[in-house]
Amino acid sequence: MHDEKGWLERGPSKGSFWLMVAIALAVMGFLLWEEHKVHLLGALPWLILLACPLMHVFMHGGHGSHGGHGGHDDHKGGRDE
């Protein structure tokens, strides 16, 4: 067999490699979802409950020096000076 164009020595291009990786990941993701859908959806209420304290910690910035909130103003007597 004579390889005139060099087809046998040429490897796959990077584009086709990543396309195959994406297809393989999509197939694996679909199969995992179909086999474990009940387990994942059963854990969803617990994940929502876990999100509450995590949002409190990360969105509040922790407890400590909150600064001056609470509606207090520096003006005395309610007049603008």
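Just so you know, these numbers come straight off a predicted model, no measurement behind them. Throughout, numbering of the chain's residues begins at 1 and tracks the sequence.
Side-chain heavy-atom separations under 4.5 angstrom define the hydrophobic clusters, and the remaining members of the one that includes W33 are L40, L41. Through chains of ILVMFWY side-chain contacts below 4.5 Å, L44 is grouped with I48.
Residues passing the side chain to side chain contact (heavy atoms under 4.5 Å, CB included) test with E35, sequence neighbours excluded: none. In this structure V21 satisfies the side chain to side chain contact (heavy atoms under 4.5 Å, CB included) test together with F17, W18, L25, sequence neighbours excluded. The side chain to side chain contact (heavy atoms under 4.5 Å, CB included) check on L47 picks up nothing, with sequence neighbours excluded.
With rounding to the nearest 0.5 Å, the separation of CG in L32 from NE2 in H39 is 11.0 Å.
Under a hydrophobic clustering in which Ile, Leu, Val, Met, Phe, Trp and Tyr are joined whenever their side-chain heavy atoms come within less than 4.5 Å, directly or via other members, F30 and V27 fall into the same cluster.
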